Every structure is written in C-alpha cells, then in structure tokens.
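What follows is a set of notes on a single structure, which appears directly below.
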2 protein chains.
Amino acid sequence: MMMTKPRLNPRKTPRQSRSQATYVAVLEGAARILETEGGHRLTTNHVAERAGVSVGTLYQYFPGKEAILAELIRQMRQDMLTDFEEAAREAKGKDLAFALDALIAASLRHHLRRPALAQALERVESELQLNDEIHALKARMRELIVEVLRERRIMEPERTAFDLMALSRGISDAAIQSDQRDFDDLQQRLSRAIRGYLGLAVTPLVAAPVKTSTEIAGCR
Amino acid sequence: MMMTKPRLNPRKTPRQSRSQATYVAVLEGAARILETEGGHRLTTNHVAERAGVSVGTLYQYFPGKEAILAELIRQMRQDMLTDFEEAAREAKGKDLAFALDALIAASLRHHLRRPALAQALERVESELQLNDEIHALKARMRELIVEVLRERRIMEPERTAFDLMALSRGISDAAIQSDQRDFDDLQQRLSRAIRGYLGLAVTPLVAAPVKTSTEIAGCR
DNA sequence: GTAGAATATGAGTAATTATTCGCATTATCG
DNA sequence: CGATAATGCGAATAATTACTCATATTCTAC
C-alpha cells in the first residue's frame with residue numbers, strides 16, 4: 001500500500017448508524033456521570049463503562065474527555081439558541097413584557113429539562129476555555145436579546161441584555177441548586193426581577209404599614 | 001514505647017509560629033494555583049511546590065486537597081460574613097435603599113478583592129459538598145439579609161433574600177468573568193437590579209418616544 | 001458468498017497524581 | 001548543653017487515570 005496516513009484527526013466522524021449510536025451513547029454516558037456523580041468522576045474509562053462501550057471505541061471519536069465535554073456544551077448551547085430563536089419569533093410584534101416572558105420561559109424550560117446536567121455543564125464551561133463555535137453560539141443568544149430590547153427602545157441594550165441574562169442565570173442556578181423546580185413560581189420571580197431592572201411596573205414588596213395621606217398623594 | 005497512637009487526625013494543628021507560616025503558605029499556594037492555572041492543576045504535589053514546602057509537610061496539615069479547598073472556602077465565607085455583619089451594623093436604623101447599598105458594597109468588595117479566586121472557589125463550592133460549618137456561615141449570611149428586609153416590612157423576606165442574593169451573584173459573576181471591574185459601575189447596576197426586584201423607584205430604561213398627556217398624567 | 005472497510009474490544013502500557021515514611025533539621029525547656 | 005518534641009524533607013511507592021494497539025467482529029457493496 002502507498003502510505004498509511006499518519007493518524008491525522010484522532011476524532012472520526014461516524015459513518016454507519018451503529019457508530020452514530022456509539023457516539024451518542026458516549027455523550028449520554030458522560031452526561032449521566034455529570035448528573036449523578038459529579039465532574040471529578042468523569043474519567044475516560046468510566047465514561048466508556050457507563051456508555052456500554054470500550055475505551056478504545058471512545059477514543060475513536062473523542063481525543064479526550066475535554067472533547068466530550070466540549071461537545072456536550074456545544075449541543076446544550078445549540079439547543080438553547082434554537083429555543084430562544086423560536087421564542088423571539090413568537091414574540092415578534094408583541095410588547096416588551098410579553099417578549100421577555102417568552103424568553104424567560106425558554107430559558108427556564110432549558111434549565112428544568114435536566115437541571116443537574118445544565119448546572120454541571122455551566123460549571124465546566126466557565127472552567128474550560130471554549131472553542132470559537134461555542135463562543136459564537138453564546139454571542140448569538142445575546143444578540144438576539146439585544147435586538148428584542150433595541151426594538152422596544154430600551155436604552156443601552158447591550159449592557160442591559162448582559163445584566164438581564166446574568167441575573168436570570170443567578171436566580172435559576174440558585175433555585176435549582178435548592179431543588180426549587182416549580183416552573184410557574186420561577187417564571188414569576190424571573191419576570192419580577194427582569195421587569196424591575198428595566199423600571200417597568202412591579203407590585204411593590206413593601207407592605208404599606210399605615211397609609212398616610214402624603215404617601216397616597218405622592219406619585220412615587 | 002507503650003503504643004504509638006494509631007494516626008488519628010491526619011491534620012495537625014500547628015503549634016509553633018513556623019508551622020503556622022507553613023499552614024498559610026499551603027493555602028496561599030493553592031489559592032494562587034486556582035487564580036492562575038485553574039482547578040484541574042490543583043494537585044497536592046503542585047500545591048506544595050508553589051507553597052515552597054515539601055509534599056510531606058503539606059500532608060501533616062491537610063489530609064488531601066479537598067481539605068485545602070474546604071479551608072479556603074471556609075475562610076472566604078467567614079470573611080464575607082464579617083463584612084456583611086459590619087455593613088448591617090452601619091445600616092442599622094437607616095432606610096431600605098441605604099441598607100441595601102451597604103450590603104451590595106460589602107459583597108462587591110469581596111468579589112473584587114481577588115476576583116479569579118472568588119470565582120474559582122464558588123465553582124468548587126457548588127461541586128463539592130461542604131461541611132456543616134460552611135453551610136452555617138452561608139445560612140447566617142442569608143439570615144442577616146432576611147432581618148434587614150423584615151425590619152423594613154418587606155413581604156416574604158426569606159424568598160426575597162434568596163432571590164436578591166442569587167441575582168446579585170449572577171451579575172457579579174458574569175461581570176467579573178468579562179473583566180468588568182469598575183466598582184461604581186457594578187454598584188449601580190446591582191442597586192438597580194435589587195431596587196427593581198423590590199418594586200422601589202428605578203429610572204426606567206425605556207426611552208419615552210413621545211410624551212403623551214396620558215403618560216404624564218398617570219402615576220404608573 | 002466474500003473482500004475490504006468500518007467499527008469494536010480490552011488487556012496492556014504510559015503518564016499522572018496521591019500518599020507514606022525514614023530520616024534530617026529546628027525549636028523548646030530545664 | 002542535651003533531651004525531647006515539633007516540624008520539615010523528598011525519594012519511593014501506591015493508586016488512579018489516560019491512552020494505544022493487536023486482534024476480533026460487523027457492515028457494505030459487488
């Protein structure tokens with residue numbers, strides 16, 4: 001034979017359906033380890049075992065565990081972006097509060113689908129430095145929100161989008177960490193936080209002690 | 001000799017000043033690794049090296065790297081709690097907005113002192129399960145905020161404190177991750193987010209397109 | 001069918017990381 | 001001092017984890 005290729009890309013692209021199945025099995029095995037045992041137990045041998053696959057097979061498709069994590073993150077971000085795009089399309093033409101609620105719902109659905117996995121992947125994401133593809137996905141998500149804000153004449157849409165995403169993530173993460181999983185409850189709390197940041201009307205949490213005449217008269 | 005003790009607690013308490021110095025050197029070495037290289041490079045040998053200490057010495061004071069991390073986290077939470085208590089004392093008797101700003105400032109100081117370290121430790125904290133002492137520190141911090149809210153007649157103080165802490169952390173973390181380090185800018189953004197959540201007055205971000213008479217007349 | 005390509009295997013090896021232990025050094029106290 | 005305890009050392013060893021490769025199995029196309 002002429003010359004065996006010098007082992008170029010260690011990561012093959014699966015061609016047959018059986019290898020496709022192997023590929024997703026590895027990813028799913030890794031995901032389940034993240035969910036149930038934590039990142040420190042994610043070793044190549046262990047992933048292969050949980051995937052019902054041999055280590056050698058794993059290495060045919062992934063050069064190492066970082067590659068597995070990167071692919072899981074990429075898929076998560078891709079799914080999230082798709083949901084966001086759908087929500088933004090629905091909200092087209094509707095008013096600000098409606099559009100925001102649609103985006104909040106999309107974000108919440110994502111966090112509640114596989115809560116432990118989403119949390120673990122976000123942690124990994126901030127620890128690893130990511131490839132450009134993942135960065136691009138996140139950038140497009142932010143741009144999408146910026147557009148929603150800009151169309152509604154919100155000032156400083158970039159910074160506002162940044163803060164809204166950040167505070168949403170903060171509340172979602174903390175809630176999920178404490179096993180709060182009630183969709184409607186979380187939706188309300190996120191909606192309050194976001195509307196409040198924007199200066200939209202929000203029912204005050206200050207229980208009026210005794211209504212004085214000056215308080216009733218004054219607009220704020 | 002009668003009987004060598006069966007190696008009870010592998011973690012000695014340093015008695016001489018020199019060993020005190022060793023103890024803190026190990027912690028500082030670990031902290032610097034977290035800051036500059038990331039959690040995956042935190043190995044006992046490496047920590048010892050960066051601390052200028054031999055591995056054996058490290059193991060005299062810490063049974064393993066988790067113990068080092070736990071102690072770093074404990075110290076971080078302890079410092080933060082102290083700052084919060086101080087801020088709450090200052091704010092005693094002042095109005096809600098003032099009290100909140102004092103707490104925000106304390107939180108921000110903490111995050112900005114050693115930003116990369118704070119981030120890394122928070123990640124580790126959510127990955128490891130912590131001992132009761134650290135849980136207690138966090139619980140006392142939340143209680144402190146609950147009290148601030150309760151004294152000002154805020155409804156559902158527990159849940160509100162939870163959400164305020166969560167959204168603050170979300171914004172702080174995201175900002176620091178993006179190298180936004182301007183104290184006053186962050187203070188303003190956090191203040192807006194928190195006041196907004198509570199339904200306090202916040203300058204709206206909606207650029208009024210044309211002021212209609214009904215908008216000017218209506219209180220909200 | 002059968003040839004050849006693709007895929008799968010897992011024991012075996014390399015590399016990394018954790019942990020110990022015998023001994024050297026330094027401090028404390030009378 | 002000198003005795004004893006405290007501290008420090010780091011090569012050596014154990015344990016874990018990463019990764020390979022010779023071989024076996026399964027698929028595809030003719």
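All values derive from a computational prediction rather than experimental measurement. Reminder, nothing fancy here: chain letters follow the sequence lines and each chain counts from 1. Note: hydrogens, waters and symmetry copies are ignored here, and every other heavy atom, side chains too, is used.
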Legend entry - Qualifying residues under salt bridge (Lys or Arg N to Asp or Glu O under 4.0 Å), relative to Arg77(A), sequence neighbours excluded: Glu125(A)

Inset, instruction - Could you tell me the separation between the NZ atom of Lys65(B) and the P atom of dT19(C), rounded to a whole number of Å? - result: 9 Å

Inset, instruction - Please name all residues satisfying salt bridge (Lys or Arg N to Asp or Glu O under 4.0 Å) with Arg181(B), sequence neighbours left out, ordered by chain then number. - result: Asp179(B)

Legend entry - Spacing between Arg41(B) atom CZ and dA15(C) atom P, to the nearest angstrom: 17 Å

Inset, instruction - Determine, for nucleotides 24-30 of chain D in 5'-to-3' order, which nucleotides have protein heavy atoms under 4.0 Å from the base (write B), from only the sugar-phosphate (write S), or from neither (write -). - result: --BSS--

Inset, instruction - Please determine if a side-chain N or O atom of Thr22(A) lies less than 4.0 Å away from the OP1 or OP2 oxygen of dA8(C). - result: yes

Legend entry - Between dA18(D) (P) and His40(B) (NE2): distance, integer Å: 13 Å

Legend entry - Residue Tyr61(A), side-chain atoms from C-beta onward, closest of dT7(C), dT20(D), dG8(D): dT7(C)

Inset, instruction - For the residue pair Tyr61(B) and Tyr23(B), categorise the inter-ring angle as parallel (less than 30°), tilted (30 to 60°) or perpendicular (more than 60°). - result: perpendicular

Inset, instruction - Rounded to the nearest angstrom, tell me the gap between atom CD1 in Ile68(B) and atom C1' in dT17(C). - result: 13 Å

Legend entry - For Arg32(B), all residues meeting side chain to side chain donor-acceptor pair (under 3.5 Å), sequence neighbours excluded: Glu28(B)

Inset, instruction - Could you check which of dG8(D), dT19(C), dC19(D) has an atom nearest any side-chain atom of Thr57(B)? - result: dG8(D)

Inset, instruction - Check side-chain contact (heavy atoms from CB on, under 4.5 Å) between Gln188(B) and all other residues, then give those that pass, not counting sequence neighbours. - result: none

Inset, instruction - Check every atom of dA8(C), dA11(D), dA11(C) against the side chain of Val55(A) and return the nucleotide holding the closest atom. - result: dA11(C)

Legend entry - Residue list, side-chain contact (heavy atoms from CB on, under 4.5 Å) with Arg18(A), at least two apart or on another chain: Gln16(A)

Legend entry - Rounded interatomic separation in angstrom, taking CD from Gln60(B) and C1' from dC9(D): 10 Å

Legend entry - Interface with DNA chain D, restricted to residues 45-54 of chain A and to heavy atoms under 4.0 Å: Asn45(A)

Inset, instruction - Using only heavy-atom distances, determine whether the side chains of Gln180(A) and Arg189(A) contain a donor-acceptor pair under 3.5 Å. - result: yes

Inset, instruction - Please list, chain by chain and in numerical order, all residues satisfying side-chain contact (heavy atoms from CB on, under 4.5 Å) with Asp101(B), sequence neighbours excluded. - result: Ile104(B), Gln187(B), Ser191(B)

Inset, instruction - Can you tell me the distance, in whole Å, between the CZ atom of Phe62(B) and the P atom of dT20(C)? - result: 16 Å

Inset, instruction - Could you state the atom-to-atom distance from CD of Glu66(B) to C1' of dT16(D) in whole Å? - result: 13 Å

Legend entry - From dT7(C), dA18(D), dT20(C), nucleotide with atom closest to Ser19(A) side chain: dT7(C)

Inset, instruction - Mind checking side-chain contact (heavy atoms from CB on, under 4.5 Å) for Met165(A) and listing every partner two or more places apart, or none if nothing turns up? - result: Met141(A), Arg142(A), Ile145(A)

Legend entry - Whole angstrom value for the distance that separates C1' of dC21(D) from CG of Leu58(A): 16 Å

Inset, instruction - Name the nucleic acid region contacted by Thr43(A), choosing base, sugar-phosphate or nothing; use a 4.0 angstrom heavy-atom cut-off, strictly under. - result: sugar-phosphate

